[in-house]
Amino acid sequence: VQLQASGGGLVQPGGSLRLSCKVPRFTSNDYVVAWFRQAPGKEREGVSCITSGEGSIHYSSSVKGRFTISRDSAKNLVYLQMNNLQPEDTAVYYCALTPLARLRGGIFLPDEYDYWGQGTQVTVSS
């Protein structure tokens with residue numbers, strides 16, 4: 001299972017970017033797709049996630065109100081719209097997928113995600 005993240009780039013503070021994650025067809029009907037990010041010298045942190053089916057959505061406190069996750073099921077795409085970007089949002093952003101049954105300790109534990117994309121760099125700088 002290979003995910004493909006794209007859409008990163010360089011943006012000024014206050015700007016916007018939209019990331020896309022191509023999600024392959026998955027054998028399970030119950031799974032979650034999440035966006036993580038990792039800044040240099042920091043641990044990978046969960047940003048947002050959306051479940052299959054009903055599409056339950058969660059955000060980390062650091063991005064809530066600025067980022068919006070959505071999906072286009074027909075195209076097998078998951079988006080992350082990022083508004084009002086700040087320098088502290090600079091990181092490599094990854095999309096990841098895992099069966100819902102794998103989530104035991106929480107929704108944003110990287111070790112519980114089985115499949116990952118290659119990452120896309122987001123740099124927020126003036």
Side-chain angles (χ1 to χ4, degrees):
V1 177
Q2 183 67 42
L3 289 76
Q4 295 178 323
S6 61
L10 173 64
V11 64
Q12 293 185 342
S16 298
L17 282 174
R18 188 178 78 163
L19 306 183
S20 299
C21 178
K22 183 71 172 179
V23 181
R25 294 189 182 278
F26 194 59
T27 55
S28 170
N29 289 325
D30 296 321
Y31 60 89
V32 56
V33 177
W35 287 97
F36 289 81
R37 67 185 181 186
Q38 189 165 20
K42 294 189 176 181
E43 293 185 352
R44 192 167 297 191
E45 65 164 336
V47 172
S48 183
C49 68
I50 185 167
T51 63
S52 61
E54 293 184 355
S56 297
I57 289 173
H58 301 274
Y59 297 99
S60 68
S61 58
S62 60
V63 306
K64 197 169 186 178
R66 299 187 298 124
F67 291 12
T68 302
I69 192 169
S70 62
R71 65 185 181 185
D72 184 333
S73 298
K75 296 181 179 179
N76 294 332
L77 288 168
V78 173
Y79 301 106
L80 185 68
Q81 177 68 42
M82 306 184 294
N83 296 329
N84 191 22
L85 284 160
Q86 300 300 317
E88 53 266 33
D89 296 313
T90 295
V92 178
Y93 283 70
Y94 300 89
C95 58
L97 180 152
T98 201
L100 277 172
R102 282 273 287 133
L103 298 181
R104 301 291 186 181
I107 56 174
F108 287 142
L109 295 179
D111 288 347
E112 295 184 343
Y113 282 77
D114 290 340
Y115 307 101
W116 292 81
Q118 80 284 10
T120 184
Q121 176 71 46
V122 172
T123 303
V124 185
S125 175
S126 55

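At least one donor-acceptor pair closer than 3.5 Å links the side chain of Gln118 to the backbone N or O of Ala5. Side-chain atoms of Ser48 come within 3.5 Å of backbone N or O of His58 as a donor-acceptor pair. Here the side chain of Arg66 pairs a donor or acceptor atom with the backbone of Asn84 at under 3.5 angstrom. Although no hydrogens or angles enter the test, the distance criterion places no donor-acceptor pair under 3.5 Å between the side chain of Thr123 and the main chain of Leu10. Proximity of a side-chain donor or acceptor of Ser126 to a complementary backbone N or O of Gln12 within less than 3.5 Å is not detected. Between the side chain of Lys22 and the backbone N or O of Lys75 there is at least one donor-acceptor pair closer than 3.5 Å. Side-chain atoms of Tyr59 come within 3.5 Å of backbone N or O of Ile69 as a donor-acceptor pair. Looking at Ser56, its side chain never comes within 3.5 Å of a backbone N or O of Thr51 through a donor-acceptor pair. Between the side chain of Arg102 and the main chain of Asp111, a donor-acceptor pair closer than 3.5 Å is present. For Tyr113 (side chain) and Phe108 (main-chain N/O), no donor-acceptor pair under 3.5 Å exists by modelled atom type.
More than 12 heavy-atom neighbours from other residues, nucleotides or ligands sit within 6.0 angstrom of CD on Glu88.
In summary, the side chains of Ser60 and Ser62 do present a donor paired with an acceptor at a separation below 3.5 Å, with no hydrogens or angles considered.
Cluster membership for Ile57 and Leu77, using ILVMFWY side-chain heavy atoms within less than 4.5 angstrom, is not shared. Note on Ile50 and Leu3: same hydrophobic cluster, where clusters join Ile, Leu, Val, Met, Phe, Trp and Tyr whose side-chain heavy atoms are under 4.5 Å apart, directly or indirectly. Note on Tyr115 and Val33: same hydrophobic cluster, where clusters join Ile, Leu, Val, Met, Phe, Trp and Tyr whose side-chain heavy atoms are under 4.5 Å apart, directly or indirectly. Transitive grouping of hydrophobic side chains (ILVMFWY, heavy atoms separated by less than 4.5 Å) brings Val78 and Val122 into a common cluster. Cluster annotation: Leu97 is not connected to Trp116 through the hydrophobic network of ILVMFWY side chains, with a link wherever side-chain heavy atoms come within less than 4.5 Å.
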Pair Met82-Ser16, side chain to side chain contact (heavy atoms under 4.5 Å, CB included): steps then yes or no: CA-CA 5 Å; Met82 306 184 294; Ser16 298; over 6 Å; no
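Shortest non-hydrogen contact noted between Val47 and Leu80 is CG1-CD2, 4.3 Å. Across every non-hydrogen atom of Glu54 and Arg71, the tightest pair is C-NH2, 4.0 Å. What you find for Ile107 and Cys49 is that their closest heavy atoms are CD1-SG, 4.0 Å. In plain terms, the two heavy atoms of Cys21 and Trp35 that are nearest each other are CB-CZ2, 3.5 Å. Across Glu112 and Leu103, no two heavy atoms sit closer than the pair OE1-CA, 3.4 Å.
By the 4.0 Å N-to-carboxylate-O rule, Glu45 lies close enough to Arg37 to be salt-bridged with it.
Residues Tyr93 and Thr120 meet the side-chain proximity criterion, which asks for heavy atoms closer than 4.5 Å.
A cation-pi contact, defined as under 6.0 Å to the ring centre and within 45° of the axis, is absent between Arg44 and Phe36.
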